[in-house]
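For reference, the structure is listed below as structure tokens.
On a predicted model such as this, the values are computed, not experimentally measured, just so you know.
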Amino acid sequence: MKSASVRTRREILGASALRPDGGPKVQGSFAFSSDVWADNMLWGATLRSPHPYARIISVDISEALKIIGVESVLTAEDVPGKLTYGLIDADQPVFASGVVRYMGEPVAAVAADHPETCRRALAAIRVEYEVFEPLINPEDSISGSFPAIHPNGNLLRHQRVVCGDKDATGQIVVECEYEIGMQDQAFLGLEAALAIPDQDGLGVEMIVATQWLHEDRKQIALCLGIPENKIRLTLGGVGGAFGAREDISLQVHASLLALRTGRPIKMQYSREESFFGHVHRHPAKIWIRHHASAEGMIIKIEARMVFDGGAYASTSGAVLINAVTHIQGPYRCANAVVDGFAVRTNNPPCGAMRGFGVVQACFAHESQMDKIAIACGLSPVEVRLRNAMRIGDKLITGQPVESVAPVERCIRETDAIPLPPNMTLSPHELSIPGGSGRTADRQHIVRGVGWGVSIKNLMYSETFDDFATARCRLQDGIVTLKFATAEVGQGFVTIAPQIARSVLGVDTVFVDPTDTLIGSAGSTSASRQTWMSGGAVDGACRLVRERLFEHVASQHNIDPLQLEIDDTDIVDTLGDLRISVAQASSGVFFEETFEHHHRPTTDLDANGQGNCHVAFAFVAHRAVVDVDTELGLVKVVQIATAQDVGRALNPLSVLGQIEGGIAQGLGLAVMEEILMVDGIVKNPSFTDYLLPTALDAPDVVAVLVEEPDPQAPLGAKGVGEPPCISVTPAIAAAIRDATSRPITRVPVRPSDICF
Amino acid sequence: MNVNIVVNGINTKGDIEPRMLLVNYVREHLGLTATNIGCDTSSCGACTIHLDGESVKSCTILAVQADGGNVTTVEGLAIDGVMHPMQESFMQNHGLQCGYCTPGMVMAAISILKENPNPTEQEVRAGLEGNLCRCTGYHNIVHSVLACAGKN
């Protein structure tokens with residue numbers, strides 16, 4: 001597909017326009033939030049609990065305050081407003097009060113003249129704990145056998161989905177329990193912010209790397225006990241996000257310290273602190289039983305899904321809903337009995353990560369599809385084609401899949417991609433499992449091929465109106481756009497000008513700073529910004545175009561409905577008028593703001609029925625792996641994929657999302673897991689938490705399936721999450737194919753292959 | 001301790017604590033913030049710079065070890081406002097998304113081509129193994145390096 005990414009003369013929609021921030025980023029002039037400084041600023045730092053579960057007997061800050069250079073030490077007593085925050089349920093304390101519920105929970109914060117002074121001050125704070133046995137088994141949270149560790153109880157959410165005939169059976173019955181480990185988003189740019197107090201001490205300005213400025217502002221305002229309009233947030237350069245910046249991390253702490261000291265506060269986490277400072281992907285256990293006909297058609301799904309939400313709710317409830325409503329995969333299924341539980345434990349809080357609950361469900365349903373295929377004597381491709389969802393089919397929630405659902409095409413296009421050549425008899429050492437250690441022997445290396453196909457919802461669900469706002473101004477042939485959409489690397493800063501150029505026939509487009517001086521854009525998550533903020537930019541530009549046409553029409557005494565944009569001109573479709581947009585907008589300006597709202601959704605009822613999702617995207621992955629069966633090492637050789645993108649507004653950007661998402665899915669398949677023992681995190685560093693390197697990243701052959709979605713403002717579906725969803729089960733299936741081992745958990749460890 | 005380090009062709013001086021890492025000297029003492037810190041454990045390579053012509057992770061070197069040395073950061077690559085071909089190649093080949101790894105990647109990539117002007121794709125991948133990227137899956141980074149070497 002690379003060759004298809006031809007750049008057109010004008011960088012309009014469909015062109016592989018380059019990132020406007022590419023120049024500053026390669027030259028180092030792009031300011032990440034960690035690069036921002038202020039005169040007279042102090043450094044902030046956080047004291048965190050070393051225990052997963054303990055009662056705080058006392059906190060003594062007196063010694064810390066004596067250290068020269070320490071300006072302030074804050075604890076729970078110093079929070080002026082709401083004592084807790086959270087995205088859905090505000091159940092997480094700004095600072096622990098009375099009890100700590102996970103290793104790494106904030107207990108105090110300091111402001112001092114230097115990071116080293118901060119470190120000494122944190123060490124000087126005396127916290128006396130009475131350590132309790134932690135709640136670490138999610139089943140204890142479900143059964144109620146462990147006393148509540150939080151006033152809201154140990155069960156975060158239970159959702160049942162029942163549809164069709166719950167007594168239906170099939171000739172083929174396959175069941176298994178699957179397990180998914182805790183993955184970290186592991187963005188490279190560590191959490192960082194600069195908080196600057198207003199001169200009157202009544203408000204604060206913050207430059208911060210986040211996914212959703214307005215939600216941050218709302219939560220900060222509540223905890224500070226001041227109106228939202230006294231807080232202004234500007235997006236600092238964001239070094240990746242992947243869900244980990246959706247929750248509050250250091251925002252409230254930095255703001256509190258700034259207001260208390262009256263001086264700018266810079267906070268930034270170390271990598272170790274980052275592991276404790278943001279939520280992770282939920283570890284999950286999924287028991288699932290499929291009933292199918294002898295021909296491999298799915299008749300019924302039964303499942304029990306348990307998601308460990310850790311100590312605080314974050315987005316666990318929404319993650320769970322995604323999991324239970326996607327457990328059928330992109331396949332027809334008339335009957336289902338599904339129970340999902342998101343529970344509280346003394347493990348680190350879990351929340352949003354790319355794929356948001358669907359990753360876990362997909363590993364289970366795709367592993368099951370292969371079991372059905374084996375039981376029925378079908379190929380992995382055939383069993384999926386026979387069950388592939390089509391437009392009009394229903395989810396187990398009763399929601400019909402509308403608009404565009406090219407599941408079969410995604411599978412066929414992927415299947416048509418040539419397999420890679422077999423490994424040679426004497427391969428290069430870097431191409432074999434284990435890499436340059438030269439530990440694998442050629443005769444122990446076995447190749448396997450596996451499949452994964454997925455469905456992913458786009459935008460927020462369950463009645464949430466996650467609208468997006470954008471403003472467009474046209475003057476002298478130049479467009480200026482304004483929105484609060486967080487650019488986290490995904491490329492909205494590229495897409496937005498392409499939209500304006502397409503709608504308004506201009507070439508020069510500026511984007512104003514991203515801040516809270518305009519309405520919310522919603523979160524950069526749920527694969528939603530191209531659809532939502534793209535829709536808002538498109539809407540604002542169309543309004544401006546109407547004004548421009550009215551202006552031109554009145555000057556020439558014609559009907560504005562006769563006018564249209566042709567390249568960079570306005571033309572009269574019924575006459576001879578042709579005038580450039582630059583000329584037509586010379587000396588006047590038009591400015592319009594537009595909010596894009598997606599169609600409304602509903603809640604789920606007690607049986608999990610309801611049209612709770614907005615839209616869906618589909619993708620197929622085929623993995624080819626080489627496995628050293630003696631050492632249990634895996635090399636992912638190739639990922640073939642065909643993704644339902646609706647319309648590729650920027651093919652180069654779409655491919656970048658696909659390739660990056662696949663690397664993250666590979667990480668979950670064979671490398672990445674936060675390891676815990678009794679609630680203690682054992683590997684909070686990049687030396688112990690392993691990320692895919694350039695040598696681990698497989699060859700990727702991608703096909704973009706373009707069937708424009710009429711429900712999407714620009715025809716384009718979100719492309720961020722699908723790449724990392726079904727690639728993980730595809731790799732696991734390939735390992736299964738190579739080794740005949742059951743492979744019921746990811747990440748796959750050497751011991752899962754060898755013993 | 002006093003140090004004298006040439007950074008991007010300019011003599012710099014500092015009276016610094018012996019424990020100061022070179023990356024902190026560059027970022028905080030000189031205010032050259034292009035060089036990023038991503039892990040603190042010399043795993044990610046975001047802080048890769050050139051010291052006396054060799055690429056090094058500047059979080060693994062004390063500033064005092066660079067005393068008398070010659071440092072280049074990504075800010076010092078452009079000549080008379082013209083980007084280094086490797087910078088241009090990363091920009092043209094979409095070799096970045098969030099861009100946090102980019103300064104380190106560019107510095108590491110320049111070293112790869114200096115040592116081996118005509119690398120294979122696998123040699124480029126091996127050369128970049130010490131630099132993590134979480135956004136791109138490395139494909140366009142590898143393309144950028146190969147394109148800079150005249151290969152496509």
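When A:Gly661, A:Ala241, A:Ala186 are compared by the number of non-hydrogen pairs under 4.5 Å with chain B, A:Ala186 comes out ahead. Ranked by heavy-atom pairs under 4.5 Å with chain B, the list A:Ser270, A:Gly23, A:Gly489, A:Ala31 is led by A:Gly489. Comparing B:Gly127, B:Gly31, B:Ala126 by how many heavy-atom pairs each has under 4.5 Å with chain A, the most go to B:Ala126. Counting heavy-atom pairs under 4.5 Å between each of A:Glu272, A:Gln664, A:Gln268 and chain B puts A:Gln664 at the top. Among B:Gln87, B:Glu75, B:Met86, the residue with the largest count of heavy-atom pairs under 4.5 Å with chain A is B:Gln87. No other option in A:Ser34, A:Pro692, A:Gly189, A:Gly22 has as many heavy-atom pairs under 4.5 Å with chain B as A:Gly189. In terms of heavy-atom pairs under 4.5 Å with chain A, the best-connected choice from B:Met83, B:Arg125, B:Arg134 is B:Arg134. Ranked by heavy-atom pairs under 4.5 Å with chain B, the list A:Phe686, A:Phe30, A:Phe32 is led by A:Phe32. Between chain A and the options B:Gly130, B:Gly99, B:Cys133, heavy-atom pairs under 4.5 Å are most frequent for B:Gly99.
There is no side-chain donor-acceptor pair under 3.5 Å between B:Asn140 and B:Thr136.
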### Task
Report the C-alpha separation of A:Leu235 and A:Val208 in whole Å, then their side-chain angles, then the decisive distance to 0.1 Å, and conclude whether the side-chain contact (heavy atoms from CB on, under 4.5 Å) test is met.
CA-CA 5 Å; A:Leu235 190 70; A:Val208 62; 5.9 Å; no
#### Entry: Verdict with supporting geometry, A:Gln529 and A:Glu487, side-chain hydrogen bond (donor to acceptor under 3.5 Å, both in side chains)
CA-CA 9 Å; A:Gln529 288 297 21; A:Glu487 171 63 38; over 6 Å; no
### Query
Given B:Val124 and B:Tyr138, is the side-chain contact (heavy atoms from CB on, under 4.5 Å) satisfied, shown in steps?
CA-CA 11 Å; B:Val124 171; B:Tyr138 302 100; over 6 Å; no
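Outside the 6.0 Å centre-distance limit, the rings of A:His278 and A:Tyr269 are not counted as a close aromatic pair.
With a 4.5 angstrom heavy-atom cutoff, A:Ser431 touches chain B via backbone and side-chain atoms both. Neither the backbone nor the side chain of B:Leu77 comes within contact range of chain A; no heavy atoms are under 4.5 Å apart. Contacts of A:Gln185 with chain B are made by backbone atoms alone, with heavy-atom separations under 4.5 Å and no side-chain atom involved. For A:Ile662, no part sits under 4.5 Å from any heavy atom of chain B, backbone or side chain. A:Ser274 does not touch chain B: none of its heavy atoms, backbone or side chain, sits under 4.5 Å away. Neither the backbone nor the side chain of B:Glu88 comes within contact range of chain A; no heavy atom of the residue lies under 4.5 Å from a heavy atom of that chain. Heavy-atom distances place no part of A:Asp696 under 4.5 Å from chain B, backbone and side chain included.
With values rounded to the nearest 0.5 angstrom, B:Leu128 atom CG is found 4.0 Å from B:Ile112 atom CD1. The structure places OG1 of B:Thr73 at 6.5 Å from CE of B:Met107, a figure rounded to the nearest 0.5 Å.
The two residues A:Pro722 and A:Val619 come nearest to each other via the heavy atoms O-CG1, 3.5 Å. Listed here is the closest heavy atom pair of B:Ile141 and B:Cys101: CD1-SG, 4.3 Å.
Proximity of B:Val6 to B:Thr12: side-chain heavy atoms (C-beta onward) are nowhere separated by under 4.5 Å.
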